Amino acid sequence: MVTDYAPIYALVQQIPKGKVTTYGRIAVCLNLASPRMVGRALHLNPDSEGTPCHRVVASNGRLAPSYAFGGLGEQARKLAAEGVQIKQNRVILRNHLWEPGLL
DNA sequence: AACATGACATAAG
DNA sequence: CCTTATGCCATGT
């Protein structure tokens, strides 16, 4: 059996439309040992239906360098479609950073 | 068990 | 702005 990443998916699914959050933020919120786990979880389940992984970005606002689906363009396009402002593959965290509810 | 790899974060050059 | 390097921890070989 593999580690249960359910909490990560649950949290990602709670990200409001038009907002984004970072791997590290999720990791801290869920009390995970490392933000790498978050990325692993999302890469494992590229389920864009149940899990809006495109709303998860790196701490510096950069998008995933190796997005599992259509690539970087797809993620950026999805975010833009939800009203997220993007600047050269960089999300304006200042405006769109969503802080997950602590447990 | 040891080594290598990865959708990260932070620091340093 | 870029690339390296280190810490981190689960996975796969």
Side-chain angles (χ1 to χ4, degrees):
Chain A
M1 147 180 187
V2 292
T3 308
D4 183 20
Y5 293 113
I8 299 180
Y9 303 133
L11 208 148
V12 171
Q13 289 164 22
Q14 289 163 49
I15 303 177
K17 176 185 172 187
K19 293 277 182 178
V20 299
T21 191
T22 69
Y23 299 92
R25 201 61 114 198
I26 295 174
V28 171
C29 179
L30 296 179
N31 211 20
L32 296 180
S34 164
R36 278 189 176 294
M37 304 298 101
V38 180
R40 282 198 83 67
L42 292 181
H43 198 145
L44 258 156
N45 299 53
D47 180 18
S48 47
E49 297 296 306
T51 308
C53 40
H54 57 269
R55 293 183 189 149
V56 184
V57 302
S59 63
N60 61 342
R62 271 290 204 185
L63 302 184
S66 307
Y67 195 56
F69 277 116
L72 205 50
E74 263 306 295
Q75 185 176 13
R77 196 181 66 80
K78 288 179 182 179
L79 290 174
E82 296 183 353
V84 176
Q85 300 173 299
I86 300 186
K87 184 66 175 175
Q88 295 288 20
N89 290 350
R90 188 166 306 202
V91 178
I92 311 301
L93 292 176
R94 199 182 80 167
N95 299 335
H96 303 290
L97 179 59
W98 173 75
E99 306 202 20
L102 279 63
L103 354 111

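Below, chains carry the letters A, B, ... as their sequence lines are ordered, and counting in each starts from 1. Keep in mind it's a predicted model, so treat the numbers as computed, not measured.
- Nearest nucleotide to the A:R40 side chain, out of B:dA7, C:dC9, C:dT11: C:dT11.
- Atom pair A:N60:CG and B:dA11:P shows a separation of 13 Å (rounding to whole Å applied).
- Within the nucleic acid shown, A:V2 comes within 4.0 Å of sugar-phosphate atoms alone, with no base atom in reach, counting heavy atoms only.
- When distances run from any side-chain atom of A:Y5 to the nucleotides C:dA10, B:dA7, C:dC9, the shortest one goes to C:dA10.
- Across C:dA10, C:dC2, B:dA9, the shortest atom-to-atom separation from the side chain of A:T22 is found for B:dA9.
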Worksheet item: Step by step, would you call A:Y9 with A:N45 a side chain to side chain donor-acceptor pair (under 3.5 Å)?
Response: CA-CA 9 Å; A:Y9 303 133; A:N45 299 53; 2.5 Å; yes
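- Candidate nucleotides C:dC2, C:dA10, B:dT10 were compared by shortest atom distance to the side chain of A:S59, and B:dT10 ranks first.
- Of the inter-residue distances, the one linking A:I15 atom CD1 with A:H54 atom NE2 reads 8.5 Å to the nearest 0.5 angstrom.
- One interatomic measurement links the two molecules: CG of A:L30 to P of C:dC8, which rounds to 20 Å at whole-angstrom precision.
- For the OP1/OP2 pair of C:dC8 and a distance below 4.0 Å, the side-chain nitrogens and oxygens of A:Y23 include no atom meeting the criterion.
- Across all strands shown, B:dG6 forms a Watson-Crick or G-U wobble pair, both distances under 3.5 Å, with C:dC9.
- Put simply, CG on A:L32 is 17 Å from P on B:dA7, counting in whole angstrom units.
- The separation between A:L42 atom CG and C:dA10 atom P is 16 Å, rounded to whole Å.
- Screening A:K17, A:K19, A:R55 against A:E82 for a side chain to side chain donor-acceptor pair (under 3.5 Å) leaves a single residue, A:R55.
- Under the 4.5 Å side-chain heavy-atom criterion for ILVMFWY residues, no single connected hydrophobic cluster contains both A:Y23 and A:L63.
- The CE atom of A:M37 lies 8.5 Å from the CG atom of A:L32; values are rounded to the nearest 0.5 Å.
- The listed nucleotides are C:dT11, B:dA7, C:dC1; the one nearest the side chain of A:R90 is C:dC1.
- One interatomic measurement links the two molecules: CG of A:L11 to P of B:dA7, which rounds to 21 Å at whole-angstrom precision.
- With distances taken from any side-chain atom of A:M37 to the nucleotides B:dA7, C:dC9, C:dC2, the minimum falls on C:dC9.
- The side chain of A:S34 places no N or O atom within less than 4.0 Å of a non-bridging phosphate oxygen (OP1 or OP2) of C:dG7.
- Atom CG of A:D4 is separated from atom C1' of C:dA10 by 14 Å (rounded to the nearest Å).
- As rounded to whole Å, 7 Å separates atom C1' of B:dA7 from atom NE2 of A:H43.
- Atom CG of A:L44 and atom C1' of C:dA10 are 10 Å apart (whole Å).
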